[in-house]
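To start, the structure itself, in structure tokens.
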Amino acid sequence: QVQLAESGGGLVQAGGSLRLSCTASGRTFNNAAMGWFRQAPGKEREFVATITWSGGDTRYKDAVKGRFTISRDNAKNTVYLQMNSLKPEDTADYYCAATSIDYCADNGCWYTYEYEYWGQGTQVTVSS
């Protein structure tokens, strides 16, 4: 059974930092693109960041560029999201996702329908 498990969420003051981790079990995603999404209360799930299988290319939502960094350690089957200069509007449940679509592996993907595997989410709350 494939599982993605997120960790690292919590409560932080505006301007603070958090690092989210997502570890896969049940299969390896070393040749697959990974992504982070978030969903705030009453809103749709939205793209945050994606990383290619090699880690050589990344894409970000405009609102987080320069503040968030996605990375991966294929030896550990883990993807990370370093979040700096957090703002109250970053408050949401954060989900990691994996896709086996070939074109995503080399380019990254940013639509929810392109991802087959999802974690349960970790809550991030940024206080003002």
Side-chain angles (χ1 to χ4, degrees):
Q1 184 178 0
V2 176
Q3 285 189 325
L4 298 177
E6 303 98 336
S7 62
L11 173 64
V12 63
Q13 288 188 331
S17 298
L18 285 173
R19 187 174 86 151
L20 306 183
S21 299
C22 171
T23 300
S25 60
R27 62 159 284 183
T28 179
F29 289 104
N30 292 349
N31 60 347
M34 303 287 290
W36 284 97
F37 291 76
R38 68 187 182 187
Q39 188 167 15
K43 295 188 177 181
E44 292 189 353
R45 192 169 297 187
E46 64 177 8
F47 166 76
V48 175
T50 183
I51 187 166
T52 56
W53 73 272
S54 67
D57 201 4
T58 56
R59 299 280 190 272
Y60 298 92
K61 175 182 175 65
D62 285 348
V64 307
K65 283 180 182 177
R67 300 188 297 122
F68 291 10
T69 302
I70 188 172
S71 62
R72 66 191 299 163
D73 184 339
N74 285 342
K76 296 181 178 179
N77 226 16
T78 299
V79 64
Y80 305 96
L81 185 68
Q82 178 66 44
M83 305 186 295
N84 298 329
S85 301
L86 282 161
K87 304 176 180 181
E89 51 263 44
D90 295 318
T91 295
D93 291 326
Y94 282 72
Y95 299 86
C96 80
T99 174
S100 60
I101 297 176
D102 286 342
Y103 68 77
C104 295
D106 292 327
N107 301 291
C109 280
W110 41 88
Y111 295 111
T112 55
Y113 66 78
E114 293 173 311
Y115 287 83
E116 305 152 72
Y117 305 98
W118 293 85
Q120 293 299 307
T122 185
Q123 189 173 54
V124 171
T125 303
V126 184
S127 63
S128 57

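Between Lys87 atom NZ and Arg67 atom CZ the span is 4.5 Å, to the nearest 0.5 Å. To the nearest 0.5 Å, atom CG of residue Asp57 and atom OG1 of residue Thr52 are 5.5 Å apart. In this structure, Arg45 CZ and Arg38 CZ are separated by 13.0 Å, a value rounded to the nearest 0.5 Å.
There is no path of hydrophobic side-chain contacts, each under 4.5 Å, that joins Trp110 to Val48. Criterion: ILVMFWY side-chain heavy atoms under 4.5 Å apart, direct or through other members. Under it, Val64 and Ile51 are part of a common hydrophobic cluster. Criterion: ILVMFWY side-chain heavy atoms under 4.5 Å apart, direct or through other members. Under it, Val126 and Phe68 are part of a common hydrophobic cluster. Placement of Leu86 and Leu81 within a single hydrophobic cluster is found when ILVMFWY residues are connected by side-chain heavy-atom separations under 4.5 Å, directly or transitively.
Shown here for Lys76 and Thr23, the closest heavy-atom pair between the two residues is O-CG2, 4.1 Å. Residues Ala40 and Ala92 approach most closely at N-CB, 3.8 Å, considering heavy atoms. The two residues Tyr94 and Leu20 have their closest heavy-atom pair at CB-CD1, 3.5 Å. Counting all heavy atoms, side chain and backbone alike, Ala14 lies closest to Ser128 at CB-CA, 4.3 Å.
For the ring pair (Phe, Tyr, Trp, His ring centres under 6.0 Å) test, residues two or more places apart in sequence or in another chain that qualify with Tyr111 are Tyr113. For Ser71, the side chain to side chain contact (heavy atoms under 4.5 Å, CB included) partners at least two apart in sequence or on another chain are Tyr80. The side chain to side chain contact (heavy atoms under 4.5 Å, CB included) check on Ser127 picks up Leu11, Gln13, with sequence neighbours excluded. Every residue was checked against the side-chain hydrogen bond (donor to acceptor under 3.5 Å, both in side chains) condition with Asn107, not counting sequence neighbours, and none meets it.
With hydrogens and angles ignored, the 3.5 Å screen pairs a side-chain donor or acceptor of Thr99 with a backbone N or O of Glu114. Judged by distance alone, with hydrogens and angles left aside, the side-chain atoms of Arg72 form no donor-acceptor pair with the main-chain N or O of Gly55 at under 3.5 Å. Between the Glu116 side chain and the Ser100 main chain, a donor and an acceptor come within less than 3.5 Å of each other. Thr50 contributes a side-chain N or O that, together with a main-chain N or O of Cys109, makes up a donor-acceptor pair within less than 3.5 Å. Between the Asn77 side chain and the Gly26 main chain, no donor and acceptor come within less than 3.5 Å of each other.
Using modelled atom types, one finds a donor on one side chain and an acceptor on the other under 3.5 Å when comparing Trp53 with Asp106. Residues Thr125 and Thr91 have side chains that never bring a donor and an acceptor to within less than 3.5 angstrom of each other.
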Side-chain donor-acceptor pairs under 3.5 Å in residues 3-10, sequence neighbours left out?
| from | atom 1 | to | atom 2 | distance (Å) |
| --- | --- | --- | --- | --- |
| Glu6 | OE1 | Gln120 | N | 3.1 |
| Glu6 | OE1 | Gly121 | N | 2.8 |
| Glu6 | OE2 | Cys96 | N | 2.9 |
| Glu6 | OE2 | Gly121 | N | 3.2 |

- Task: For Met83 and Asp90, run side chain to side chain contact (heavy atoms under 4.5 Å, CB included): C-alpha distance rounded to whole Å, both residues' side-chain angles, the deciding distance at 0.1 Å, then the answer.
- Result: CA-CA 9 Å; Met83 305 186 295; Asp90 295 318; over 6 Å; no
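Counting non-hydrogen atoms of neighbouring residues, nucleotides and ligands closer than 6.0 angstrom, the CG atom of Asp102 reaches no more than 12 such neighbours.
Residue pairs meeting the ring-ring contact (aromatic ring centres under 6.0 Å, His included) criterion with at least one partner in residues 14-41, sequence neighbours excluded, are Phe29-Tyr117, Phe37-Phe47, Phe37-Tyr115, Phe37-Trp118.
Salt bridge present: Asp62 and Lys65 bring a charged side-chain N and a carboxylate O closer than 4.0 Å.
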